[in-house]
A.B. asks: 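Starting off with a structure, shown below.
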Amino acid sequence: MKTASKPPATFPPAAFGVPEGTRSAGRRPGGPWRRRLADQSRAYAFLIGGVLCFALFSWYPAIRAVVIAFQKYTPGSGGEWVGTANFTRVFHDPEFTAAWRNTLTFTLIALLIGFAVPFVMALVLNELRHAKAFFRVVVYLPVMIPPVVSALLWKWFYDPGAGLANEALRFLHLPTSNWSNGADTALVSLVIVATWANLGGTVLIYLAALQSIPGELYEAAELDGANLLQRIRHVTIPQTRFIILMLMLLQIIATMQVFTEPFVITGGGPEDKTVTVLYLIYKYAFLYNDFGGACALSVMLLVLLSAFSALYLRFTRSEGEDA
């Protein structure tokens, strides 16, 4: 006859010297606190590394440039304080006026061409029913090409002799152009290059904004008899006005720092028609060996771009508060 087995004896934790409520397999008192401290230590270590990189490669050069702007600086021998002499000398340079005029003209043309074209392309892509992903890749492809490579391709494209642009015009029996070599067409040619190179990112941002618009608004507009242009005017633009304004400010900030296209394609010519402020800074620093003048120009550009950046932050903050 089988007898029921006796259950094993159990002893309270206190019998082994372990206080009640603290018995946990493989855990010691303070374990969670130590793990939390270790996690925070790793996070702060990564944060300190990032801050040091910014301080070394961004903040220190910016502060150093402001200091050199008020000095007569020679590499290797330090600088001599000259006050605002660098600003005065740069301001009276004939290239100074030409550089600012070209930069502002480039920015204005870029707003007219490079601001409207991405919006129209986003509208077209948003209406596609087939191969939408393929065309998104095609539109974004220029962004993935390195800027210098892109500029070199367009330099060959604009070649007045055997360039592809003039070959296409000859094939169509149309008059050819000097493109980047012509005093009247050089700046517009560079705007086309910059627009093509940065088109993809802007189009995708617009496309995301368009797809976030509720379809009921378009349906209501259609029931009211609105045509395509009226729907764009009364529905699309009001619903995306914040994105449009933000991208416009960002484009102004970016186009005022144009350098790669004039440096690679035109070299500032012809007749200084494509010398921009950033290209003039390069010339002062590395061609004229005048680092004080280059930093003075940089400070002027910094003040102007800071105003647009403050405007951008003001609009984004107000939009966030409204949301």
Side-chain angles (χ1 to χ4, degrees), residues 106-160 162-172 174 176-177 179-180 185-215 218 227-229 231-233 235-237 239-266:
F106 185 96
T107 302
L108 179 60
I109 300 175
L111 285 178
L112 295 176
I113 298 177
F115 189 67
V117 172
F119 188 73
V120 173
M121 292 190 68
L123 289 173
V124 174
L125 286 176
N126 193 47
E127 296 297 325
L128 290 178
R129 294 293 178 265
H130 304 286
K132 185 179 292 188
F134 170 76
F135 285 107
R136 288 178 186 174
V137 174
V138 171
V139 169
Y140 193 75
L141 187 61
V143 181
M144 297 184 284
I145 301 176
V148 175
V149 175
S150 175
L152 289 173
L153 287 173
W154 278 91
K155 185 176 182 179
W156 167 77
F157 183 83
Y158 282 145
D159 188 278
L164 185 59
N166 280 342
E167 288 294 332
L169 292 176
R170 293 189 190 98
F171 178 79
L172 297 173
L174 296 175
T176 59
S177 173
W179 299 107
S180 58
T185 59
L187 202 60
V188 178
S189 300
L190 296 187
V191 171
I192 295 174
V193 176
T195 301
W196 177 83
N198 300 285
L199 185 70
T202 307
V203 169
L204 293 185
I205 293 174
Y206 277 136
L207 189 59
L210 292 174
Q211 292 179 348
S212 66
I213 300 176
Y218 289 108
N227 56 31
L228 177 61
L229 293 178
R231 292 198 299 271
I232 293 174
R233 176 183 177 186
V235 178
T236 305
I237 294 179
Q239 290 293 318
T240 58
R241 64 184 183 277
F242 175 72
I243 298 297
I244 292 174
L245 180 60
M246 293 302 99
L247 288 178
M248 182 179 69
L249 290 174
L250 289 176
Q251 184 171 355
I252 291 174
I253 294 172
T255 52
M256 293 197 70
Q257 302 178 75
V258 60
F259 172 76
T260 304
E261 289 80 6
F263 177 74
V264 176
I265 298 177
T266 63

A.B. asks: Are the side chain of Q257 and the backbone of I253 linked by a donor-acceptor contact shorter than 3.5 Å?
C.D. replies: yes

A.B. asks: About how many Å separate OG1 of T195 and CG of L111, when rounded to the nearest 0.5 Å?
C.D. replies: 10.0 Å

A.B. asks: Run the side chain to side chain contact (heavy atoms under 4.5 Å, CB included) test on L190 and V258 for me, step by step, so that the C-alpha distance in whole Å, both residues' side-chain angles and the decisive distance to 0.1 Å come before the verdict.
C.D. replies: CA-CA 10 Å; L190 296 187; V258 60; over 6 Å; no

A.B. asks: Rounded to the nearest 0.5 Å, how far apart are CG of N227 and CD1 of I232?
C.D. replies: 9.0 Å

A.B. asks: Describe, in one word, how the ring planes of Y206 and F119 are oriented to each other, choosing from parallel (under 30°), tilted (30 to 60°) and perpendicular (over 60°).
C.D. replies: perpendicular

A.B. asks: Give me the atom names and distance for the closest heavy-atom approach of A110 to T255.
C.D. replies: CB-CG2, 3.8 Å

A.B. asks: Quick check: does any side chain N or O of Y140 sit under 3.5 Å from a backbone N or O of L204, one acting as donor and the other as acceptor?
C.D. replies: no

A.B. asks: So, does D159 use its side chain to make a donor-acceptor pair with the main chain of L164 at under 3.5 Å?
C.D. replies: no

A.B. asks: Report the distance from atom CG of L169 to atom CD of E167, rounding to the nearest 0.5 Å.
C.D. replies: 9.5 Å

A.B. asks: Search all heavy atoms of Y158 against all heavy atoms of S180 and return the closest pair with its distance.
C.D. replies: CB-OG, 3.7 Å

A.B. asks: Do you know which two heavy atoms are closest between G201 and V143, and how far apart they sit?
C.D. replies: N-CG2, 3.7 Å

A.B. asks: Of the non-hydrogen atoms in I265 and A151, which two are nearest, and what is the gap between them?
C.D. replies: CG1-O, 3.5 Å

A.B. asks: Going by the side chain to side chain contact (heavy atoms under 4.5 Å, CB included) test, name the single residue among L210, V120, V203 that passes it with L125.
C.D. replies: V203

A.B. asks: After noting the C-alpha distance and the side-chain angles of W196 and I145, does the key distance pass the side chain to side chain contact (heavy atoms under 4.5 Å, CB included) rule?
C.D. replies: CA-CA 11 Å; W196 177 83; I145 301 176; 3.9 Å; yes

A.B. asks: If I compare all heavy atoms of A209 with all of T240, which pair ends up nearest, and what's the gap?
C.D. replies: CB-CG2, 4.0 Å

A.B. asks: Any non-hydrogen side-chain atom of P160 less than 4.5 Å from a side-chain atom of N166?
C.D. replies: yes

A.B. asks: Can you establish whether the number of heavy atoms outside R241 located under 6.0 Å from its atom CZ is more than 12?
C.D. replies: no

A.B. asks: CD1 of I113 to CG of L199: how many Å apart, nearest 0.5 Å?
C.D. replies: 12.0 Å

A.B. asks: Any chance you could measure M256, atom CE, to I252, atom CD1, to the nearest 0.5 Å?
C.D. replies: 8.5 Å

A.B. asks: With side chain to side chain contact (heavy atoms under 4.5 Å, CB included) as the test, would you mind laying out the steps for L247 and Q251 before giving the verdict?
C.D. replies: CA-CA 6 Å; L247 288 178; Q251 184 171 355; over 6 Å; no

A.B. asks: Is the F157 ring parallel, tilted or perpendicular to the W154 ring (thresholds 30°, 60°)?
C.D. replies: perpendicular

A.B. asks: Checking T236 against Y218: is there a side-chain donor and acceptor pair closer than 3.5 Å?
C.D. replies: yes

A.B. asks: Atom OG in S189, atom CD in E261: separation rounded to 0.5 Å?
C.D. replies: 12.0 Å

A.B. asks: Minimum heavy-atom separation for K132 and N126, please, with both atom names.
C.D. replies: NZ-O, 3.8 Å

